[in-house]
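Everything below concerns the one structure shown next.
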Amino acid sequence: AQSVTQPDIHITVSEGASLELRCNYSYGATPYLFWYVQSPGQGLQLLLKYFSGDTLVQGIKGFEAEFKRSQSSFNLRKPSVHWSDAAEYFCAVGAGGTSYGKLTFGQGTILTVHP
Amino acid sequence: EPEVTQTPSHQVTQMGQEVILRCVPISNHLYFYWYRQILGQKVEFLVSFYNNEISEKSEIFDDQFSVERPDGSNFTLKIRSTKLEDSAMYFCASNSYYEQYFGPGTRLTVT
């Protein structure tokens with residue numbers, strides 16, 4: 001069965017600092033990987049996705065993520081954080097085949113941004 | 001930009017009552033999902049739906065739950081007899097080529 005681990009429950013950074021949110025996955029085949037962001041009281045917004053090809057993927061709002069098969073990781077990065085990035089971030093792995101589209105989420109990482 | 005919509009945004013119900021949560025997926029999508037998020041916990045898959053039938057369901061999705069696509073646009077989740085532990089945010093999603101788009105959610109409070 002697929003699973004996702006986000007080791008950091010809460011991260012605090014200063015505005016303008018760089019950010020890296022960690023994600024490790026377990027999946028038997030080539031994974032489909034996603035990062036979503038959730039602001040308080042809001043739904044889940046897709047930041048970026050990895051299916052195949054270039055292991056460095058670019059997303060919206062200046063985010064990027066790197067797929068590392070050898071480490072089973074898909075870490076999210078941003079070079080300079082803005083106060084509006086404060087939210088909860090979820091990594092997810094998607095299934096194919098008969099479980100097409102089913103997403104398994106990590107626990108989430110809450111990002112706090114200090115001015 | 002097309003989006004998934006859900007109604008109501010907040011539903012309060014008494015234990016044992018039936019509730020129906022409604023969703024309008026993106027119009028050209030063919031795969032639909034329900035997820036739930038209990039406060040402070042991770043988002044959990046409930047059920048997937050394709051070609052007018054359930055394609056997969058989790059162990060959470062027991063006989064108290066059902067899904068339906070009653071017409072060409074709506075996708076509903078029914079809970080027949082709500083329990084306190086059903087209190088959660090319920091998200092509907094629809095899928096196009098592995099990109100899953102989520103609605104804003106319905107917060108269900110069971111008292």
Side-chain angles (χ1 to χ4, degrees), chain A residues 1-10 21 23-27 29-53 57 59-60 67 74 87-110, chain B residues 1-10 21 23-26 29-51 53-61 67 75 88-107 109:
Chain A
Q2 60 217 58
S3 65
V4 177
T5 301
Q6 292 179 248
D8 305 305
I9 296 172
H10 196 170
L21 302 183
C23 172
N24 293 97
Y25 69 89
S26 173
Y27 187 63
T30 301
Y32 303 98
L33 295 162
F34 307 84
W35 276 98
Y36 284 85
V37 61
Q38 184 182 34
S39 297
Q42 303 297 310
L44 296 158
Q45 183 182 23
L46 179 64
L47 283 176
L48 48 76
K49 62 187 185 293
Y50 171 79
F51 294 158
S52 63
V57 293
I60 62 171
F67 170 61
F74 188 57
E88 188 161 17
Y89 292 79
F90 292 92
C91 181
V93 61
T98 55
S99 295
Y100 173 78
K102 171 187 170 185
L103 296 182
T104 299
F105 285 85
Q107 196 72 20
T109 297
I110 297 171
Chain B
E1 184 175 324
E3 58 182 15
V4 178
T5 59
Q6 291 185 242
T7 53
S9 57
H10 192 183
L21 310 183
C23 168
V24 179
I26 295 172
H29 288 183
L30 301 177
Y31 294 82
F32 314 115
Y33 309 83
W34 284 100
Y35 293 80
R36 79 172 185 190
Q37 185 182 30
I38 294 171
L39 190 63
Q41 298 187 23
K42 66 170 71 175
V43 178
E44 301 173 288
F45 168 81
L46 290 178
V47 66
S48 57
F49 191 86
Y50 170 71
N51 201 25
E53 60 183 27
I54 290 173
S55 42
E56 186 170 353
K57 58 185 180 180
S58 72
E59 61 274 10
I60 303 168
F61 195 90
V67 289
F75 179 50
M89 181 75 92
Y90 288 81
F91 293 106
C92 172
S94 66
N95 197 328
S96 173
Y97 193 61
Y98 288 99
E99 282 196 17
Q100 200 150 128
Y101 295 89
F102 285 79
T106 294
R107 178 162 297 286
T109 302

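Computation of the quantities below employed the complete heavy-atom set of this structure, encompassing side-chain atoms and omitting hydrogens, waters and symmetry-equivalent molecules. All chains are named by letter (A, B, ...) in the order of the sequence lines, taking the proteins before the strands, and each is independently numbered beginning at 1.
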Which atoms of A:Leu44 approach chain B - backbone, side chain, both or neither, heavy atom under 4.5 Å = both
Calculate, to the nearest 0.5 Å, the distance between atoms OH and CD belonging to A:Tyr32 and B:Gln100 respectively.
-> 13.5 Å
Qualifying residues under side-chain contact (heavy atoms from CB on, under 4.5 Å), relative to B:Glu3, sequence neighbours excluded = B:Thr5
Looking at A:Gln107, A:Gln45, A:Gln6, which has the largest count of heavy-atom pairs under 4.5 Å with chain B?
-> A:Gln107
Heavy atoms, side chains only, cut-off 4.5 Å: are B:Tyr35 and A:Leu103 in contact?
-> yes
With A:Ser39 via side-chain contact (heavy atoms from CB on, under 4.5 Å) - residues at least two apart | A:Gln42, A:Ala87
Interatomic distance, B:Phe45 atom CZ to A:Gln2 atom CD [nearest 0.5 angstrom] = 9.5 Å
Rounded to the nearest 0.5 Å, how far does CD of B:Gln41 lie from CZ of A:Phe105?
-> 14.5 Å
Part of A:Lys49 lying under 4.5 Å from any heavy atom of chain B = side chain
Among B:Pro104, B:Ala93, B:Ser58, who wins on heavy-atom pairs under 4.5 Å with chain A?
-> B:Pro104
Answer yes or no: does atom CD1 of A:Ile60 have more than 12 heavy-atom neighbours from other residues, nucleotides or ligands under 6.0 Å?
-> yes
Quick one: pull up CZ in A:Phe90 and CZ in B:Phe102 and give me the separation to the nearest 0.5 Å.
-> 10.0 Å
When you look at NZ of B:Lys57, are more than 12 heavy atoms from neighbouring residues, nucleotides or ligands closer to it than 6.0 Å?
-> no
So which part of B:Gln37 gets closer than 4.5 Å to some heavy atom of chain A, the side chain, the backbone, both or neither?
-> side chain
d(B:Glu99 CD, A:Phe34 CZ) to nearest 0.5 Å is 7.5 Å
